[in-house]
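Sequence positions, counted from 1, serve as the residue numbers for this chain. Note: hydrogens, waters and symmetry copies are ignored here, and every other heavy atom, side chains too, is used.
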Amino acid sequence: MKTQWDLSVFYKSLEDPAFKKDLNELPAKIAAFKNAIFTETEDEGKKLHALVEQVESFSKTEFIMLMTELTLSCDATNAEANAAMTPIMRAMTQMKQANNAFSRYLASLDNLDALIDADDFLKERAFALRDSAESAHHLLPEELEDSVLRMQLSGGEAFSQLRDKLDATLTVDYRGKEIPLSAARALAYDADPDVRREAYEAEIASYKKIELPMSFCLNNIKAEGQTMAELKGYKDVLEMTLAESRMSEKTLNAMWTAIREALPELREYFKAKARLLGHNNGLPFYDLFAPIGASTRTYTLEEARDILLDLFGSFCPEMADMMKTAFDEGWIDAYPRTGKSGGAFCAGCYDLNISRVLTNFTGSLSDISTLAHELGHAFNNKMLRRKPYMMNDVPMPLAETASTFNETVLAAAMRKNAPREEELMLLDGSLMENTQTMVDIYSRFLFEQKVVEAQADHALSVDELKETMIWAQDQSYGDGLDPDVHHPYMWACKSHYYSTGTHFYNFPYAFGGLFARGLFARYEQEGESFVPVYCDLLSRFGSGTIDDVAASVGIDVTTPEFWRSAVESVLCEVRRFVELANS
């Protein structure tokens, strides 16, 4: 089993002549595509077919980006990768302009529907083509586009990259030793309460080193986001994000309604856990991930692999085969180390039908859940390959479904037939994840709303950012959290706030978590016959709006009823946890 990922499937190294050749030729390839868009023809159907083929040929350029970004995610100071990012970002700006030109071209075709219907190749890509044409109504003004996109490279994109470097290179003074931030955060799962508390205190203290530049990064990215929304004709950043997510505001509000209604009962979990850990005033933030129950065991990566292969082999053999390949063939970079980004993610490569998964595995049950989560993304990538490359643009809320579904499968399987003391531990593991995707994510949403709104008046100071984060945590966690022990630097900790391409990178996790629980309930009812339905659903995530994709399996996400039923499945776990904790 390999514990560091293999990037040689893309290029031998960043010094590989093939890498340099592909990178150098990319601008010319983009220019040729753009020229083809503006070339007049008497046969628009033939032209459109050829343009779509050119669009899909760009799938191979993923190799360049993946090689560079994946290298930097594990080695933030890598000189070759950092040098390559400048021409790559310029090329991506040119690509964005070319794609926008293509959208404008599609919107200009009065007979677009007829052209699509006359060509089977185009029919397979009908939604993507029509969606692209519709998006032309919310593009940057053409006369400003080049200047604005180039300015973004030295604005929001530069701040985003700076944030990643600050995070990856920050060390924490823990018990007289300098350790990576990711390693300090992983100690939140340690069985020793003193370790958890001291690691938290050391982590909080470490942010002092980077709080000022982090605040500049966050404020300027959010200010730029509001400017971009206005230039594109949206009233605000949230409206822009929802449109780009193919999600209606009605659906978002329906989900938040169900979550807000459940907050008082969800807080009972935190209070019960606090009592078990000897706290009388709610749960201190540093104990949110404290292990509970009779077992505080840790797992090796080999044990984690065996658990996942056994479980998902009985659910979906195709998924288990992919997971085995992931462990055996260097898909996963598993362990924390200096210079490596914290957290976890999955990046897919359409052309090679592979993914690359980053985790910071330290052996907790939560780490196994994280592996299941990221490998769920990898399986979604695999299913999407059933569709043309152009139909692989998955909106963020749906993108979190397969990952959270895997977590739900794992949690349910491990609780099945467990004795009471072990059941308590497993319920805690499940509720840790589910309250993160509901309670904590809600706090992050509220925080970002406040930061975005503030940009109209002023950039928030470090102290204001910390106060706003504590306020947001109070709104969501309420009396479930110790009022004296919050995490005022969660805005510096979470990379999601610093994405220039996706603002409000928080509600998709709540959507994915609850949508996945609804799908899992269907699986429990229908059994094995649901698996091919599920796999087909994953393949169509880029083929429609969120409301339409959900409706295709009989789910109405636009009203609170579905969300209440999904939330209720979490509340059942809360009630059982409280019952066991009290006894």
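In the model, E400 has a side-chain atom that pairs as donor or acceptor with a side-chain atom of S403 under 3.5 Å. Using modelled atom types and a 3.5 Å distance limit, the side chains of S8 and D6 yield a donor-acceptor pair.
Ring orientation note: the planes of F445 and F507 are nearly perpendicular, at an angle over 60° on the 30°/60° scale. Between H373 and H377, the angle of the ring planes goes over 60°, which puts this pair in the perpendicular group of the 30/60° scheme. Note on ring orientation: taking the six-membered ring where Trp is involved, the planes of Y489 and W491 are tilted (angle from 30° to 60°). Between F10 and F63, the ring planes lie tilted relative to each other; the angle falls in the 30° to 60° range. The aromatic rings of Y509 and H496 sit perpendicular, their planes meeting at an angle over 60°, well past the 30° parallel limit. Ring planes of F19 and Y11: perpendicular class, angle over 60° (limits at 30 and 60°). Aromatic ring orientation, F577 versus Y269: perpendicular (interplanar angle above 60°, classes split at 30° and 60°).
Note that R125 lies in the cation-pi zone of F121, set by a 6.0 Å cut-off to the ring centre and a 45° limit from the axis.
One finds a salt bridge joining R517 and E573 here, because a Lys/Arg side-chain nitrogen approaches an Asp/Glu carboxylate oxygen to under 4.0 Å.
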For R246 and D393: C-alpha separation, side-chain torsions, deciding distance, then whether salt bridge (Lys or Arg N to Asp or Glu O under 4.0 Å) applies.
CA-CA 11 Å; R246 302 185 203 134; D393 183 18; 3.2 Å; yes
Is there a salt bridge (Lys or Arg N to Asp or Glu O under 4.0 Å) between R522 and E526? Walk through the geometry before answering.
CA-CA 6 Å; R522 285 278 297 276; E526 300 173 20; 2.6 Å; yes
Show the numbers, then the answer: is there a side chain to side chain contact (heavy atoms under 4.5 Å, CB included) between R356 and L358?
CA-CA 7 Å; R356 288 296 179 265; L358 178 142; over 6 Å; no
Does the side-chain hydrogen bond (donor to acceptor under 3.5 Å, both in side chains) test come out yes or no for S59 and D351, once each step is laid out?
CA-CA 7 Å; S59 64; D351 261 55; 2.3 Å; yes
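With sequence neighbours left out, E134 forms a salt bridge (charged side-chain N to carboxylate O under 4.0 Å, His left out) with no residue at all. Applying the salt bridge (charged side-chain N to carboxylate O under 4.0 Å, His left out) rule to E62 yields no partners; only residues at least two apart in sequence or on another chain are considered. For E80, the salt bridge (charged side-chain N to carboxylate O under 4.0 Å, His left out) criterion is met by no residue, not counting sequence neighbours. With sequence neighbours excluded, the residues forming a salt bridge (charged side-chain N to carboxylate O under 4.0 Å, His left out) with D328 are K324, listed by chain and number.
For F379 and F405, the gap between ring centers reaches or exceeds 6.0 Å.
Of the inter-residue distances, the one linking N434 atom CG with L431 atom CG reads 6.5 Å to the nearest 0.5 angstrom. To the nearest 0.5 angstrom, M319 atom CE is 6.5 Å from C535 atom SG. The distance from the CZ atom of F312 to the CG atom of D310 is 11.0 Å, given to the nearest 0.5 Å. Once rounded to the nearest 0.5 Å, the distance linking CE of M247 with OG1 of T241 reads 11.0 Å. With rounding to the nearest 0.5 Å, the separation of OG in S369 from CD in E374 is 10.0 Å. Distance check, rounded to the nearest 0.5 Å: CZ of F541 to CE of M383 gives 12.0 Å.
In this structure a side-chain-to-backbone donor-acceptor pair under 3.5 Å is present from R196 to A191. A donor-acceptor pair is defined here as one N or O able to donate and one able to accept, closer than 3.5 Å; no such pair exists between the side chain of N506 and the backbone of I441. D131 places no side-chain N or O within 3.5 Å of a backbone atom of F127 that could act as its donor or acceptor partner. Side chain of K382 to backbone of S355: no donor-acceptor contact under 3.5 angstrom is found. Judged by distance alone, with hydrogens and angles left aside, the side-chain atoms of T408 form a donor-acceptor pair with the main-chain N or O of T404 at under 3.5 Å. Looking at S160, its side chain never comes within 3.5 Å of a backbone N or O of E157 through a donor-acceptor pair. A donor-acceptor contact shorter than 3.5 Å is absent between the side chain of S430 and the backbone of L427. Of the possible polar contacts, none joining the S499 side chain to the S495 backbone as a donor-acceptor pair under 3.5 Å is found. S103 places a side-chain N or O within 3.5 Å of a backbone atom of N99 that can act as its donor or acceptor partner.
For E528, the CD atom is loosely surrounded, since the number of other residues' heavy atoms within 6.0 Å does not exceed 12. Heavy-atom contacts from other residues, nucleotides or ligands closer than 6.0 Å to NZ of K60 number 12 or fewer.
Within the structure, side chain to side chain donor-acceptor pair (under 3.5 Å) contacts touching residues 337-350 (residues at least two apart or in different chains) are D333-R337, D333-K340.
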Would you mind writing out the side-chain donor-acceptor pairs for residues 64-72 within the sub-3.5 Å range, not counting sequence neighbours?
from	atom 1	to	atom 2	distance (Å)
T68	OG1	I64	O	2.9
T71	OG1	M67	O	2.6

